[in-house]
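Counting starts at 1 for both ligands and their atoms, following the listed order. Just so you know, these numbers come straight off a predicted model, no measurement behind them.
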Amino acid sequence: MKAAVETAFEAAQGRLASGTKSVEKSAFDITLPGRPLRRGRLHPITQTIERMKEIMGRLGFTAVEGPEIEDDWHNFVALNIPEVHPARDPLDNFYLSTAACGLAAEKDTHHAKPQAALGPDGKPLLLRSQTSTVQIRTMEEAVAAAEGKTPPPVRIVSLGRVYRPDTADATHYPMFHQIEGLCIAPGVTMADLKGVLQMFWQSYFGLESNEPIEVRFRPSFFPFTEPSVECDIWHDGRWMEIGGAGMVDPNVLRAVGYDPEQVTGFAFGLGIERICMRQHGITDIRDLYANDVRFLAQF
Ligand code: PHE
């Protein structure tokens with residue numbers, strides 16, 4: 001028995017020894033586990049944006065976009081922000097400039113001074129400081145499309161980047177995202193505003209838990225809404241400040257060609273980062289933009 005096994009073993013060894021070279025070269029062990037593919041995922045802010053768009057879509061609000069480089073008219077004038085308003089302060093806005101070009105600058109390139117980049121109205125362009133600019137663009141387009149007839153009602157949301165020269169810290173960043181909502185139609189009231197926000201936040205935070213979300217308004221001021229409110233929601237056992245809102249100021253409606261005797265409307269605008277951070281327990285806004293995959297892959 002022993003001898004039989006030994007002979008068989010030696011024979012096997014012999015076979016292996018002679019065959020190894022070619023076997024080794026083409027060796028391909030299909031039983032080894034594969035190398036996992038690293039799948040990408042959406043950035044947490046993008047996920048928040050998609051969720052908000054989806055909920056507002058169900059409430060009948062169409063998502064629209066607007067440019068991030070804006071002119072004086074859309075960022076200020078049409079929003080009822082007067083020439084001498086602190087919101088226009090160069091320290092609070094990223095005004096754009098261009099290096100001087102043309103013949104004079106070519107001759108003296110070392111001393112080419114940056115000049116303000118000007119919009120069609122001859123006023124300096126800037127990176128938008130709020131998404132309220134999209135309210136103006138949307139209403140202007142609706143009025144233009146109506147060609148003199150009564151412009152149609154508007155129900156839109158706009159989600160995108162805004163820019164303010166804040167020093168980055170745990171809660172500030174010079175670029176962040178806002179969601180803007182606008183509803184214009186005959187007979188729209190503040191009750192509609194509260195109702196829409198209530199349904200929105202109930203879907204956003206309270207759908208699974210069925211925890212009733214409460215919406216609270218506090219009096220506030222914005223040049224483009226009258227009356228204006230700060231909006232808080234009761235969530236997870238405390239009030240959370242979420243953003244500004246109000247009834248669109250008649251001056252804004254007039255500026256874009258709506259008749260404030262015919263229609264009213266509400267608008268709201270809030271920061272997306274804060275909601276995303278609250279939802280995921282993120283405590284430093286800078287983590288969102290450090291592009292560290294180890295951080296981002298958690299969401
Ligand atoms: N644009 C305001 C802000 O950036 C928010 C706001 C939007 C307030 C719409 C009222 C209506 O703070």
Next item on the list: Have a look at ligand 1 and work out which part of Arg164, if any, has a heavy atom under 4.0 Å from it: side chain, backbone, both or neither.
Entry: side chain
Notebook entry, point to check: Does Tyr95 offer a backbone N or O that forms a donor-acceptor pair with the side chain of Asn93 under 3.5 Å?
Noted result: no
Next item on the list: Could you list which atoms of ligand 1 come closer than 4.0 Å to a heavy atom of Ser132?
Entry: 1 (N), 7 (C)
Notebook entry, point to check: With a 4.0 Å heavy-atom cut-off (strictly under), which part of Phe224 contacts ligand 1: side chain, backbone, both or neither?
Noted result: side chain
Notebook entry, point to check: What is the ring orientation for Tyr204 with Trp201, classed by angle as parallel under 30°, tilted 30 to 60°, or perpendicular over 60°?
Noted result: perpendicular
Check: Among protein heavy atoms, which sits nearest to atom 5 (C) of ligand 1, and what does the distance come to when rounded to 0.1 Å?
Finding: Gly269 O, 3.7 Å
Check: What atoms in ligand 1 come closer than 4.0 Å to a heavy atom of Gly244?
Finding: 6 (C), 8 (C), 10 (C)
Checklist line | Any donor-acceptor pair under 3.5 Å from Arg128 side chain to Arg161 backbone | finding: yes
Checklist line | Nearest atoms (heavy-atom pairs only) where Gln202 meets Glu211 | finding: NE2-O, 2.9 Å
Next item on the list: Check each atom of ligand 1 against the heavy atoms of Ala267 and keep those under 4.0 Å away; list them by number with element.
Entry: 9 (C), 11 (C)
Next item on the list: Please check if any side-chain donor atom of Ser129 sits under 3.5 Å from a side-chain acceptor atom of Asn75, or the reverse.
Entry: yes
Next item on the list: Provide, to 0.1 Å, the distance between atom 3 (C) of ligand 1 and the closest protein heavy atom, together with that atom's residue and name.
Entry: Gln178 NE2, 3.8 Å
Note to self: What protein heavy atom lies closest to atom 12 (O) of ligand 1? Include the residue and the distance to one decimal.
What the structure shows: Phe222 CE2, 3.9 Å
Note to self: If you compare all heavy atoms of Val229 against all heavy atoms of Phe222, which two are closest, and at what distance to 0.1 Å?
What the structure shows: O-CE1, 3.7 Å
Margin query: So, regarding Gln130 and ligand 1 (criterion: nitrogen or oxygen to nitrogen or oxygen, under 3.5 Å), is there a contact or not?
Written below: yes
Next item on the list: Report the relative orientation of the aromatic rings in Trp239 and Trp234; use parallel for angles under 30°, tilted for 30 to 60°, perpendicular for over 60°.
Entry: perpendicular
Next item on the list: Classify the contact between Ser129 and ligand 1 as side chain, backbone, both or neither, using a heavy-atom distance cut-off of under 4.0 Å.
Entry: neither
